[in-house]
Amino acid sequence: MKKLFAVIAVLAVMLSFAGCGGTKYEVSDYDTAATNDLVQLFIKQRTVTDETEEVTLTIENLTDKDYTYDAGQRLEIWQDGHWCVIPDEQDFVTMQLLTLPGNATDEVTFSFVNHYDKLGDGRYRIVMNFSSMDGSTAIAAAEFGIGRAEK
């Protein structure tokens, strides 16, 4: 009887880990403190769901410097107290650099479809990295939640 109880207990623990989504991602090299208020990123849509295929991002440069950025996509999820990178399913290298002039606003499209598996409940952010000609950088992030996202 004790063996049966032990087997049931082990199975219950294994199922609880599988039910948590279980996928562990690499911790992001962009700490929350690294984001800034020089260049800001906003998601135009009011709601993002697991069915959303793409969102429009507004990038706002609040400085007089021109910044460059690439057209690549970067999605992260809040997991175990850290931002973690969700790998892009396309595995492509971006060769296109775009320029965001000083005191200007731009819009870009961020695509989920064909780049990521269906997103489950959670807290997410889209991260973009910007560089100026003088070597300074700015990191901007726009957060969103799906379902019962942890705060």
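In this structure, the separation between CD on Glu60 and CG on Asp106 is 11.5 Å, given to the nearest 0.5 Å. For the atom pair OG of Ser111 and CG of Leu75, the computed distance is 11.0 Å after rounding to the nearest 0.5 Å. In this structure, Ser131 OG and Leu100 CG are separated by 12.0 Å, a value rounded to the nearest 0.5 Å. Once rounded to the nearest 0.5 Å, the distance linking CD1 of Ile146 with NZ of Lys118 reads 9.5 Å. Atom NZ of Lys44 is separated from atom CD of Glu107 by 3.5 Å, given to the nearest 0.5 angstrom. Rounded to the nearest 0.5 angstrom, Phe112 CZ and Thr49 OG1 are separated by 9.5 Å.
The minimum heavy-atom distance linking Asn61 with Pro101 is given by the pair ND2-O, 3.1 Å. The two atoms that bring Thr47 and Thr52 nearest to each other are O-OG1, 4.4 Å, heavy atoms only.
Counting heavy atoms from C-beta outward, Ile43 and Thr56 have side chains that stay 4.5 Å or more apart. Arg74 has its side chain within reach of Val85: a pair of non-hydrogen atoms, C-beta onward, lies under 4.5 Å apart. By the 4.5 Å heavy-atom criterion applied to side chains, Tyr30 and Trp83 are not counted as neighbours. Two residues are said to be in side-chain contact when any heavy atoms from C-beta on lie closer than 4.5 Å; Asn129 and Thr137 meet this criterion. In this structure, the side chains of Glu54 and Val113 stay at 4.5 Å or more apart for every pair of heavy atoms. Proximity of Leu62 to Leu38: side-chain heavy atoms (C-beta onward) are nowhere separated by under 4.5 Å. Counting only heavy atoms from C-beta outward, the side chains of Met128 and Ile139 never approach each other to under 4.5 Å.
Gln79 places a side-chain N or O within 3.5 Å of a backbone atom of Thr23 that can act as its donor or acceptor partner. In terms of modelled atom types and a separation under 3.5 Å, the side chain of Thr63 and the main chain of Lys65 share a donor-acceptor contact. Remark: the backbone N or O of Gln40 is not paired with any side-chain donor or acceptor of Asp37 at under 3.5 angstrom.
With sequence neighbours left out, Asp66 forms a side-chain hydrogen bond (donor to acceptor under 3.5 Å, both in side chains) with no residue at all. Applying the salt bridge (charged side-chain N to carboxylate O under 4.0 Å, His left out) test to Asp64 and every residue at least two apart in sequence or in another chain returns nothing.
Look at Arg123 and Asp80 and you find no salt bridge, because none of the NZ, NE, NH1 or NH2 atoms lies under 4.0 Å from a carboxylate O.
In the hydrophobic clustering of this structure, Tyr25 groups with Tyr124; members are Ile, Leu, Val, Met, Phe, Trp, Tyr whose side-chain heavy atoms approach within less than 4.5 Å, directly or through other members. Criterion: ILVMFWY side-chain heavy atoms under 4.5 Å apart, direct or through other members. Under it, Val55 and Ile86 are part of a common hydrophobic cluster. Side-chain heavy atoms closer than 4.5 Å link hydrophobic residues (I, L, V, M, F, W, Y) into clusters, and following such links, possibly through other members, connects Leu98 to Ile59. The cluster map of Ile, Leu, Val, Met, Phe, Trp and Tyr, joined by side-chain heavy atoms under 4.5 Å apart, puts Val127 and Tyr116 in different clusters. Val48 and Leu119 fall within a single hydrophobic cluster, where Ile, Leu, Val, Met, Phe, Trp and Tyr side chains are chained together by heavy-atom contacts under 4.5 Å.
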Please test His115 against Gln90 for side-chain contact (heavy atoms from CB on, under 4.5 Å), starting from the C-alpha separation and ending with a verdict. CA-CA 6 Å; His115 288 273; Gln90 294 294 319; 3.4 Å; yes

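Note: Tyr69 and Tyr67 fail the aromatic proximity criterion, with ring centroids not under 6.0 Å apart.
Other residues, nucleotides and ligands contribute over 12 non-hydrogen atoms within 6.0 Å of the CD atom of Gln45.
Under 3.5 Å, the side chains of Ser28 and Glu76 contain a donor-acceptor pair of N or O atoms.
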